[in-house]
Peer 1: 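Would you mind keeping the following structure in view while I ask a few things?
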Amino acid sequence: MKINLSSAKKINELKGFGASACWWSPQISDEKTASEVAELLYGDNGLKMNIYRYNVGGGYEDGNVRVENPWRVIESFMNKDGSFNWDADKNAVNVMKKALATGNVDTLIFFVNSPHYSHTLSGQASGGFTEHFSNLDKAKYDDFARYIVDIAEHFIENGYSVKYISPINEPQWKWGGESVRQEGCHYEPDEVRDCFLAVAKELEKRNSALKLYGMESGSISQLTKDYYDLLMSEPLIAKYLDVFAYHSYWSDDDTDNKVDFGNWARDNVKIRLDMSEWCELPCKNDTKSIKSTLIMARVIGEDLIYSRANSWTAWVGVNQWDNAMNNGKCYSDGLLVARDDFSDYYVAMRYYAMAHFSKYIPVGSISLDIGYKKSRGLSVFAFENTDSERVLVVVNESRMKRIIEPDVKFDTARVITTTQENQLIESVHSEKSISVPAMSVQTIILK
């Protein structure tokens with residue numbers, strides 16, 4: 001199959017790859033484990049990711065928590081009386097510090113699933129007592145804005161390079177009701193605008209260098225375009241909104257939807273566009289299956305090329321070991337998988353999907369339109385790296401070997417291959433044609 005690189009069109013400059021530290025980082029109390037995990041995700045010998053989403057927990061009081069999973073109840077830095085305890089969430093802060101120490105993180109985002117429980121109508125960070133009901137007390141928007149800016153500025157003053165505040169996460173979902181599983185807060189569109197405006201006013205009052213990030217819509221199909229228009233219609237929000245971020249859930253097999261969104265973004269979005277959260281939903285492939293690698297690698301490529309995202313971030317760096325009820329198989333959605341107390345953990349196969357991008361396509365690379373869409377299970381995504389080399393990421397979801405032929409001259413091709421049996425195996429080729437094994441991901445760097 002011929003791959004058209006000679007007339008490829010430039011799309012966007014890439015700003016990198018990352019993951020959120022939500023839920024898992026507070027669980028790591030062992031220094032050695034914290035260092036190992038930070039290196040696996042952010043170190044030169046690991047994924048070398050550069051985007052870190054730190055979750056600012058909404059907090060809780062003993063006896064006033066409905067969330068049963070202890071991983072999903074997060075300490076807050078603020079006490080109920082408005083004072084601060086900077087020793088809270090110390091394990092998560094320690095992991096963040098170790099990730100920053102790798103020297104690779106250039107984008108640190110403080111994101112919020114829920115306002116502090118004292119700012120909510122239910123008195124809890126897990127949403128209202130009814131579904132699709134905003135839990136942030138309208139009388140406390142300004143209190144919430146001061147709270148999140150106070151936290152970010154405290155960490156900046158203590159040497160943490162926080163760039164962005166993301167005050168809302170997936171506002172269109174129901175969050176709350178009779179059954180709750182995590183922190184969350186529903187907002188109607190006008191409430192999204194009012195909340196962002198309150199934070200923008202606080203940043204303006206302080207003449208802060210912090211920028212807004214968001215609004216982290218849960219799906220490109222539901223209100224995302226409307227959110228952008230709504231936020232950018234307010235001049236003060238537009239002044240501070242440096243990145244428009246969305247989540248790529250529920251569109252894994254809908255290429256046309258991604259192309260439509262990308263065309264809209266090309267014509268309308270005038271700021272950085274981040275795909276800031278994805279995992280396979282519903283997760284049908286276990287953590288040790290190459291199928292999970294193939295799906296994630298294809299989604300990353302499609303979001304960068306078809307949806308024109310400047311960056312791509314996985315939902316969580318680590319998630320819980322959940323094989324107890326699945327005949328020994330685990331359907332966790334993290335790049336790594338850990339016991340609740342991190343007494344044991346392992347690398348999931350989808351880790352290698354991220355590796356095929358983050359380890360070989362550095363910040364500043366350019367995504368390329370080669371006019372190709374998935375054909376007979378084969379997806380091909382093209383980039384120009386910072387050394388002006390052409391890079392292909394090839395995802396072969398079929399059960400047969402495929403052959404590709406780039407239509408540009410090259411002396412050698414550095415080929416990195418992942419299959420079920422072997423991961424990130426490197427070889428060098430000088431032939432014009434390159435063989436792509438069945439059920440594999442390849443990164444091909446043409447020199």
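By convention here, the first residue in the shown sequence is residue 1.
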Peer 1: Mind checking whether Phe357 and Phe17 have parallel, tilted or perpendicular rings, split at 30° and 60°?
Peer 2: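 Correct class here is tilted.
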Peer 1: Within the structure provided, determine whether Val337 and Tyr345 are in side-chain contact (heavy-atom separation under 4.5 Å).
Peer 2: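 No - every pair of side-chain heavy atoms lies 4.5 Å or more apart.
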Peer 1: Taking C-beta and beyond as the side chain, do Arg298 and Asp253 meet within less than 4.5 Å on heavy atoms?
Peer 2: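 They are in contact (side-chain heavy atoms under 4.5 Å apart), so the answer is yes.
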Peer 1: With under 30° as parallel and over 60° as perpendicular, where do the rings of Trp23 and Trp315 fit, or are they tilted in between?
Peer 2: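 Aromatic pair Trp23/Trp315 classed perpendicular.
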Peer 1: Could you please spell out the steps behind the side chain to side chain contact (heavy atoms under 4.5 Å, CB included) verdict for Ser358 and Lys48?
Peer 2: CA-CA 6 Å; Ser358 62; Lys48 207 174 181 178; 5.6 Å; no
Peer 1: Atom CG of Leu14 and atom OG of Ser311: how far apart are they, to the nearest 0.5 Å?
Peer 2: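 Between atom CG of Leu14 and atom OG of Ser311 there are 8.5 Å.
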Peer 1: So, Arg53 and Glu277, do they make that salt bridge, N to O below 4.0 Å?
Peer 2: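 Yes.
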Peer 1: Contact between Met439 and Thr293 at the side-chain level, heavy atoms closer than 4.5 Å - yes or no?
Peer 2: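 They are not in contact (no side-chain heavy atoms under 4.5 Å apart), so the answer is no.
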Peer 1: Is the backbone of Leu378 close enough, under 3.5 Å, to the side chain of Ser375 for a donor and an acceptor to pair up by distance?
Peer 2: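 Not at all, since once roles are kept as given, no pair shorter than 3.5 Å links the two residues.
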Peer 1: Any side-chain heavy atom of Glu191 sitting closer than 4.5 Å to one from Tyr141?
Peer 2: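 Yes, side chains in contact.
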Peer 1: Begin from the C-alpha positions of Phe110 and Phe155 and carry the test ring pair (Phe, Tyr, Trp, His ring centres under 6.0 Å) through to its verdict.
Peer 2: CA-CA 10 Å; Phe110 274 26; Phe155 278 91; 5.5 Å; yes
Peer 1: Can you sort out the partners of Tyr228 under ring-ring contact (aromatic ring centres under 6.0 Å, His included), two or more places apart, ordered by chain and number?
Peer 2: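 Tyr228: ring-ring contact (aromatic ring centres under 6.0 Å, His included) contacts with Phe244, Trp264.
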Peer 1: Describe, in one word, how the ring planes of Phe342 and Trp24 are oriented to each other, choosing from parallel (under 30°), tilted (30 to 60°) and perpendicular (over 60°).
Peer 2: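 Tilted, since the angle between the ring planes falls between 30° and 60°.
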Peer 1: Tell me, do Lys288 and Cys330 make a side-chain contact under 4.5 Å, heavy atoms counted?
Peer 2: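 When only atoms from C-beta onward are counted, Cys330 and Lys288 do not touch, as no gap falls below 4.5 Å.
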Peer 1: Parallel, tilted or perpendicular, judged at 30° and 60°: which one describes the rings of Phe261 and Tyr246?
Peer 2: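 Taking Tyr246 first and then Phe261, their aromatic rings sit tilted (interplane angle of 30° to 60°).
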Peer 1: Quick one: are Lys90 and Asn94 in side-chain contact, heavy atoms under 4.5 Å?
Peer 2: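 They are not in side-chain contact.
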Peer 1: Is there a donor-acceptor pair under 3.5 Å between the side chain of His116 and the backbone N or O of Ser76?
Peer 2: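 No: the side chain of His116 does not pair with the backbone of Ser76.
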Peer 1: Ser289 side chain to Asn285 main-chain N or O, any donor-acceptor pair under 3.5 Å?
Peer 2: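 No.
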Peer 1: From the options Tyr52, Tyr54, Tyr164, select the one residue that forms a side-chain contact (heavy atoms from CB on, under 4.5 Å) with Ile109.
Peer 2: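 Of Tyr52, Tyr54, Tyr164, side-chain contact (heavy atoms from CB on, under 4.5 Å) with Ile109 is met by Tyr164 alone.
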Peer 1: For the pair Tyr42 and Leu100, evaluate side chain to side chain contact (heavy atoms under 4.5 Å, CB included) and give the outcome as yes or no after the intermediate values.
Peer 2: CA-CA 8 Å; Tyr42 290 94; Leu100 293 174; over 6 Å; no
Peer 1: Apply side chain to side chain contact (heavy atoms under 4.5 Å, CB included) to the pair Cys22 and Phe111, showing each step before the final yes or no.
Peer 2: CA-CA 9 Å; Cys22 192; Phe111 84 99; 3.9 Å; yes
Peer 1: Donor-acceptor pair, distance only, cut-off 3.5 Å: does the side chain of Gln442 make one with the backbone of Ser435?
Peer 2: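 It does hold such a pair.
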Peer 1: Tell me whether Arg206 is salt-bridged to Glu202, with the criterion being a basic N under 4.0 Å from an acidic carboxylate O.
Peer 2: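 So Arg206 pairs with Glu202 through a salt bridge.
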Peer 1: Classify the ring geometry between His247 and Tyr249 as parallel (under 30°), tilted (30 to 60°) or perpendicular (over 60°).
Peer 2: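 Taking Tyr249 first and then His247, their aromatic rings stand perpendicular (interplane angle over 60°).
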Peer 1: Is it the case that the side chains of Asn257 and Ser221 hold a donor-acceptor pair, with the cut-off being a distance below 3.5 Å and no angle test?
Peer 2: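 Yes, a side-chain donor-acceptor pair sits under 3.5 Å.
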Peer 1: Are Lys98 and Glu31 ion-paired here, with the side-chain N under 4.0 Å from a carboxylate O?
Peer 2: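 The answer is yes: the pair qualifies as a salt bridge.
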Peer 1: Within the structure provided, determine whether Asn55 and Val112 are in side-chain contact (heavy-atom separation under 4.5 Å).
Peer 2: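 A side-chain contact under 4.5 Å is absent here.
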Peer 1: Less than 4.0 angstrom from a charged side-chain N to a carboxylate O is my criterion; do Arg272 and Asp242 meet it?
Peer 2: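 No.
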Peer 1: Kindly indicate whether the side chain of Ile237, heavy atoms from C-beta on, has any atom under 4.5 Å from the side chain of Arg193.
Peer 2: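 Ile237 vs Arg193: side chains touch.
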Peer 1: Taking 4.0 angstrom as the limit, do Asp143 and Arg146 come out as a salt bridge?
Peer 2: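 Yes, this pair counts.
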Peer 1: For the pair Lys201 and Glu204, find out whether any cationic side-chain nitrogen is under 4.0 Å from an anionic carboxylate oxygen.
Peer 2: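 Salt bridge: no.
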Peer 1: Please determine whether a side-chain nitrogen of the Lys or Arg among Glu302 and Lys374 lies less than 4.0 Å from a carboxylate oxygen of the Asp or Glu.
Peer 2: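 Answer for the salt bridge query: no.
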Peer 1: Is Asp260 paired with Lys225 through a side-chain N to carboxylate O contact shorter than 4.0 Å?
Peer 2: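 The answer is yes: the pair qualifies as a salt bridge.
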Peer 1: Not counting sequence neighbours, which residues clear side-chain contact (heavy atoms from CB on, under 4.5 Å) with Glu384? List them please.
Peer 2: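 side-chain contact (heavy atoms from CB on, under 4.5 Å) check on Glu384 returns Lys10, Ile366, Leu368, Ser388, Arg390.
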